[in-house]
Amino acid sequence: MPGNVGIDVKTHNVFGKPLYAHSKNPPTGYARDGFCRAPSEDKSNHSVAGTVTAEFLDFSASKGNDLRKQVNLQPGQKWCLCASRWKEAFDAAAGNASDKRVPKVNLEATDKRALEVVGLKDLKMFASEGEVEGDAITPDKNGRGPVKESQVIGGQVSTGKSAAVEGPLVSGSRGQN
C-alpha cells in the first residue's frame with residue numbers, strides 16, 4: 001500500500017485545487033521533489049504529470065530530447081513533462097485518445113500552468129484511469145481514487161483510505177517538504 005499523499009496547498013492544479021505529488025521514484029519535477037510545479041523560473045513549464053510510454057519516449061527523442069539517455073526514464077514511469085512537448089504529442093496524434101504517443105495525465109498532479117499551453121478538455125481526454133468521468137473525479141475500477149480534501153485534517157492526511165501517490169505529507173505548510 002502506498003505511503004502518504006503529498007499535497008502542496010500553495011500551488012494549484014488544473015481544477016484550481018491543491019496540487020498533488022506525482023512521483024518520488026524517479027524524483028521528478030522542476031525541483032525534483034515529486035511535484036509538477038511550474039514556477040515562473042521554469043521556462044520550459046514542466047507542469048504536465050504524465051505516465052510515459054515507449055511511443056512517447058521515441059517521439060520526444062525524435063524531437064531532440066531523449067529522456068531515456070538523459071534521465072534513464074522507462075515506459076510506465078511517471079514524469080513531469082513540458083506542457084509544450086505533451087501538446088506536440090497530442091497534436092501529432094490528432095486528438096486520437098488511443099494514440100500511445102500521448103502520455104496519460106494525472107490531472108490532480110498537473111500544475112495549472114499547463115493550461116497556458118494545453119486546453120483542459122484535451123488533458124481530460126488523456127486522464128489517467130479513474131480520474132475523470134465527465135467533469136467529476138471518480139474512483140478507478142477498484143474503487144480507489146485520489147484522496148479527497150475532506151481527508152486532509154490539520155495538515156495531516158487521514159489514513160482511512162489508501163493513498164494514490166507516495167510523497168511528503170504536506171508541502172507548503174509549516175515548512176514541511
Side-chain angles (χ1 to χ4, degrees), residues 1-52 71 73 76-83 85-87 103-177:
M1 179 181 299
N4 292 323
V5 171
I7 303 171
D8 180 347
V9 297
K10 292 184 178 181
T11 305
H12 296 97
N13 63 31
V14 294
F15 298 120
K17 305 277 185 186
L19 187 70
Y20 282 73
H22 187 47
S23 176
K24 295 291 272 181
N25 186 20
T28 189
Y30 181 73
R32 295 295 191 260
D33 62 359
F35 286 88
C36 295
R37 289 185 201 95
S40 59
E41 58 271 13
D42 177 8
K43 302 303 181 199
S44 296
N45 190 351
H46 292 85
S47 58
V48 176
T51 301
V52 300
V71 292
L73 205 57
Q77 289 185 308
K78 295 178 178 182
W79 196 250
C80 296
L81 304 169
C82 296
R85 178 70 72 219
W86 188 92
K87 178 139 178 24
K104 294 293 183 187
V105 178
N106 178 337
L107 296 169
E108 289 203 321
T110 297
D111 189 298
K112 68 180 179 185
R113 273 198 64 208
L115 300 177
E116 294 172 7
V117 178
V118 183
L120 182 57
K121 180 180 174 186
D122 296 340
L123 290 168
K124 282 182 174 184
M125 282 179 60
F126 290 89
S128 299
E129 180 183 340
E131 251 214 302
V132 173
E133 186 174 292
D135 289 329
I137 301 294
T138 59
D140 66 16
K141 64 184 176 187
N142 298 313
R144 292 185 303 258
V147 173
K148 303 298 179 199
E149 287 182 63
S150 62
Q151 290 180 274
V152 179
I153 303 168
Q156 300 295 314
V157 175
S158 166
T159 58
K161 292 187 178 182
S162 65
V165 180
E166 292 187 42
L169 185 57
V170 176
S171 177
S173 67
R174 295 190 304 272
Q176 295 176 334
N177 198 7

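Because the structure is a prediction, the values reported are computed rather than measured.
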Can you name the residues that form a side-chain contact (heavy atoms from CB on, under 4.5 Å) with Thr11, not counting sequence neighbours?
Asp8, Leu19, Arg37, Asp111

Can you list everything that forms a side chain to side chain donor-acceptor pair (under 3.5 Å) with Lys104? Sequence neighbours excluded, please.
none

Residue pair Trp86 / Asp122: nearest heavy atoms and the distance that separates them
CH2-O, 3.6 Å

Distance-minimising heavy-atom pair for Gln77 and Pro26
NE2-CD, 3.7 Å

Suppose we screen for ring-ring contact (aromatic ring centres under 6.0 Å, His included). Which residues come up paired with Trp79, at least two apart in sequence or across chains?
none

Mark yes or no for whether Arg113, through its side chain, and Ala38, through its backbone, hold a donor-acceptor pair below 3.5 Å.
yes

With side chains defined as the heavy atoms from C-beta onward, is the minimum distance between Tyr30 and Pro39 less than 4.5 Å?
yes

To the nearest 0.5 angstrom, please state how far the CG atom of Leu81 sits from the SG atom of Cys36.
7.5 Å

Pairing residues for Thr110 by the side chain to side chain donor-acceptor pair (under 3.5 Å) criterion, not counting sequence neighbours
none

Using the side chain to side chain contact (heavy atoms under 4.5 Å, CB included) rule, take Val71 and Arg32 through it: C-alpha gap first, then chi angles, then the decisive distance, then the call.
CA-CA 12 Å; Val71 292; Arg32 295 295 191 260; 4.1 Å; yes

Do Lys87 and Leu123 come within less than 4.5 Å of each other through their side chains, counting heavy atoms only?
no

Any sub-3.5 Å donor-acceptor pair from Lys17's side-chain atoms to Val14's backbone N or O?
no

Rounded to the nearest 0.5 Å, what separation is found between the NZ atom of Lys124 and the CG atom of Leu107?
8.0 Å

Looking only at heavy atoms, which two atoms of Val48 and Ala114 are closest? And how far apart?
CG2-CB, 3.9 Å

Going by side-chain contact (heavy atoms from CB on, under 4.5 Å), name the residues that satisfy it together with Lys112, two or more places apart in sequence or in a different chain.
His12

In chain order, what residues pass the side chain to side chain donor-acceptor pair (under 3.5 Å) check against Asp42, with sequence neighbours excluded?
His46

Hey, could you give me the CG/CZ distance between Asn45 and Arg85, rounded to the nearest 0.5 Å?
13.0 Å

Which distance, rounded to the nearest 0.5 Å, do you find between the NZ of Lys78 and the OG of Ser128?
7.0 Å

If I compare all heavy atoms of Gly50 with all of Pro103, which pair ends up nearest, and what's the gap?
CA-CB, 4.4 Å

At what distance, to the nearest 0.5 angstrom, does OH of Tyr20 lie from CZ of Phe35?
10.5 Å

